[in-house]
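Single-structure report; data block below.
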Amino acid sequence: FFFQAEDGIRDIGVTGVQTCALPIFELSSLKRVSALLSGHYSSPFQGSGMQFKDFRPYQFGDDIRHMSWLVTARTGHPTLKTFEEDRELNLILMVDVSGSSLFGISQTRKIEMYQELLALFGLAASKNNDNFGVLLFNHQPVQFIPPRKSRSHVFLALNQLASQKLEGMKSDLRPALKYLSHIVKTPSLIFIVSDFISPHFNEELKVLTKKHEAILIHCFDDAEKGSLLKGVYEGRDPETGETYLIDGSSAKLRSDLLNQFMQKTQYLEQLARDTKSDYLRLSIQDDYLQRVVRHFNSRGVFQYSAAS
């Protein structure tokens with residue numbers, strides 16, 4: 001977006017994002033991410049199910065469905081199969097790389113927010129020896145990086161995110177959700193990082209959450225709900241190229257923006273309830289990384305000691 005305020009033209013969304021170099025990201029954002037992950041990290045998500053552990057003698061009251069009839073017949077003693085929980089976790093981050101990710105009325109744009117979130121979840125998964133994968137999407141799946149256990153895998157994903165062409169790309173979650181439902185066979189924890197400026201995707205998410213757990217991470221700029229707007233702006237939509245004027249002093253405009261934002265929030269909250277998913281709102285103007293850690297601390301995902 002380009003906004004023309006009373007004090008002149010201000011570029012707040014297009015230049016330089018596509019060519020953002022990973023070392024620049026490492027110097028700034030990676031330090032913040034590393035500080036949040038200092039100390040202990042653990043994951044309460046219990047992987048994809050149960051796996052065989054050992055045999056033991058049958059005891060009164062044991063579930064006979066776990067009987068090993070083969071071993072029982074061979075030894076002549078009733079024998080039970082025991083299991084342990086499969087702790088291997090697949091964590092997949094879906095990241096919106098449409099044109100709206102270029103927006104930001106302050107110094108930080110959504111795409112930079114997405115980079116930091118990718119680094120946070122990716123490095124946390126690496127620290128816990130969990131599998132981490134990424135699906136970049138706009139109006140269709142753009143690139144899928146299958147889950148792997150590797151810190152270098154996280155930096156590969158960051159490089160791919162930084163190299164995406166964003167301007168002119170529209171957004172539609174439905175094809176990406178269908179793609180993941182088809183290609184990912186192992187039950188996974190799927191984070192959807194987007195501003196959700198997209199057609200409704202109820203049915204596609206319902207299909208996905210039959211096998212996987214989804215967490216909707218709604219990223220936005222406070223200007224999208226009518227805050228921080230002052231004076232007259234000239235805007236350009238990076239998805240369509242359409243230009244328009246915005247009167248930030250208009251009470252009606254600010255009210256309309258707030259109503260639209262609240263309608264979207266209510267839609268996403270209801271969708272999360274319907275699909276037994278989690279929902280988290282993150283503002284660019286907030287300390288969003290700390291909010292992520294605090295939110296998932298309540299679930300036990302991040303347990304950390306803040307760096308001094």
Side-chain angles (χ1 to χ4, degrees), residues 1 12-14 17-18 20 25 28-29 32-33 36 91-124 134-139 142 157-158 160-162 164 166-167 169-174 176-177 189-201 205 214-229 237-239 257-258 260-272 277-296 301-302:
F1 283 75
I12 59 172
V14 176
V17 174
Q18 294 94 312
C20 175
F25 172 79
S28 55
S29 301
R32 295 181 61 204
V33 172
L36 286 172
L91 190 155
I92 298 174
L93 204 69
M94 297 179 64
V95 184
D96 186 345
V97 290
S98 64
S100 64
S101 62
L102 292 168
F103 181 71
I105 201 167
S106 56
Q107 291 184 341
T108 303
R109 294 166 282 199
K110 292 178 192 173
I111 187 61
E112 291 146 1
M113 186 183 195
Y114 298 169
Q115 288 175 329
E116 290 191 318
L117 291 171
L118 191 158
L120 178 65
F121 287 113
L123 294 178
V134 173
L135 174 62
L136 306 179
F137 71 94
N138 41 53
H139 63 282
V142 174
L158 283 168
Q160 292 301 319
L161 178 57
Q164 294 301 310
L166 304 175
E167 190 171 2
M169 297 294 107
K170 297 183 179 182
S171 179
D172 190 340
L173 253 172
R174 295 171 297 181
L177 292 172
L189 180 63
I190 298 176
F191 293 84
I192 306 174
V193 177
S194 175
D195 53 19
F196 296 103
I197 301 176
S198 167
H200 287 184
F201 51 95
L205 187 62
I215 299 174
L216 312 180
I217 301 183
H218 180 193
C219 303
F220 63 93
D221 190 293
D222 283 350
E224 294 173 55
K225 57 180 183 176
S227 302
L228 307 179
L229 295 178
D237 189 327
E239 293 191 8
L257 288 172
L258 180 59
Q260 290 175 14
F261 180 82
M262 293 310 298
Q263 288 174 12
K264 180 187 297 182
T265 296
Q266 291 165 7
Y267 163 72
L268 292 170
E269 288 176 338
Q270 185 61 53
L271 180 58
S277 303
D278 201 356
Y279 171 68
L280 174 64
R281 285 191 305 178
L282 295 178
S283 166
I284 289 178
Q285 280 73 29
D286 200 357
D287 189 346
Y288 46 83
L289 293 183
Q290 285 280 6
R291 271 185 52 79
V292 168
V293 171
R294 286 198 300 269
H295 178 82
F296 290 109
V301 178
F302 293 108

- Message: Just to verify, what does Phe201 make a ring pair (Phe, Tyr, Trp, His ring centres under 6.0 Å) with, not counting sequence neighbours?
- Response: Phe196
So how far is it from [X] [atom1] to [Y] [atom2], rounded to the nearest 0.5 Å?
{"X": "Met113", "Y": "Ile111", "atom1": "CE", "atom2": "CD1", "value": "11.5 Å"}
{"X": "Ile190", "Y": "Ile92", "atom1": "CD1", "atom2": "CD1", "value": "5.0 Å"}
{"X": "Leu123", "Y": "Leu158", "atom1": "CG", "atom2": "CG", "value": "7.5 Å"}
{"X": "Asp287", "Y": "Leu289", "atom1": "CG", "atom2": "CG", "value": "6.5 Å"}
{"X": "Ile284", "Y": "Glu112", "atom1": "CD1", "atom2": "CD", "value": "8.5 Å"}
{"X": "His295", "Y": "Tyr279", "atom1": "NE2", "atom2": "OH", "value": "11.0 Å"}

For residues [X] and [Y], determine if any side-chain heavy atom of one lies less than 4.5 Å from a side-chain heavy atom of the other.
{"X": "Glu224", "Y": "Asp221", "value": "yes"}
{"X": "Leu117", "Y": "Cys219", "value": "yes"}
{"X": "Lys264", "Y": "Phe220", "value": "no"}
{"X": "Val134", "Y": "Leu161", "value": "no"}
{"X": "Lys225", "Y": "Leu257", "value": "no"}
{"X": "Leu282", "Y": "Val193", "value": "no"}
{"X": "Leu271", "Y": "His200", "value": "no"}
{"X": "Met169", "Y": "Val97", "value": "no"}

- Message: Let's go through Phe121 and Ile217 carefully: what are the C-alpha distance in whole Å and the side-chain angles of both, what is the deciding distance for side chain to side chain contact (heavy atoms under 4.5 Å, CB included) to 0.1 Å, and is it a yes or a no?
- Response: CA-CA 12 Å; Phe121 287 113; Ile217 301 183; 3.8 Å; yes
On a heavy-atom basis, which atom in [X] and which in [Y] lie closest, and how many Å separate them?
{"X": "Ser101", "Y": "Ser98", "result": "OG-O, 2.6 Å"}
{"X": "Leu216", "Y": "Leu268", "result": "CD1-O, 4.0 Å"}
{"X": "Ile197", "Y": "Lys110", "result": "CD1-NZ, 4.1 Å"}

- Item | side chain to side chain contact (heavy atoms under 4.5 Å, CB included) evaluation trace for Asp195 with Tyr114 | CA-CA 10 Å; Asp195 53 19; Tyr114 298 169; 4.1 Å; yes
- Criterion side-chain hydrogen bond (donor to acceptor under 3.5 Å, both in side chains) on Ser194 and Asp96, from CA distance to verdict: CA-CA 5 Å; Ser194 175; Asp96 186 345; 2.9 Å; yes
- Query: Taking the six-membered ring for Trp, is the centroid-to-centroid distance between His218 and Tyr267 below 6.0 Å?
  - Reply: no
- Message: Checking Ser198 now: which residues fulfil side chain to side chain contact (heavy atoms under 4.5 Å, CB included) with it, not counting sequence neighbours?
- Response: Ser171, Asp172, Leu173
- Item | Step-by-step side chain to side chain contact (heavy atoms under 4.5 Å, CB included) determination, Gln160 to Val142 | CA-CA 10 Å; Gln160 292 301 319; Val142 174; over 6 Å; no
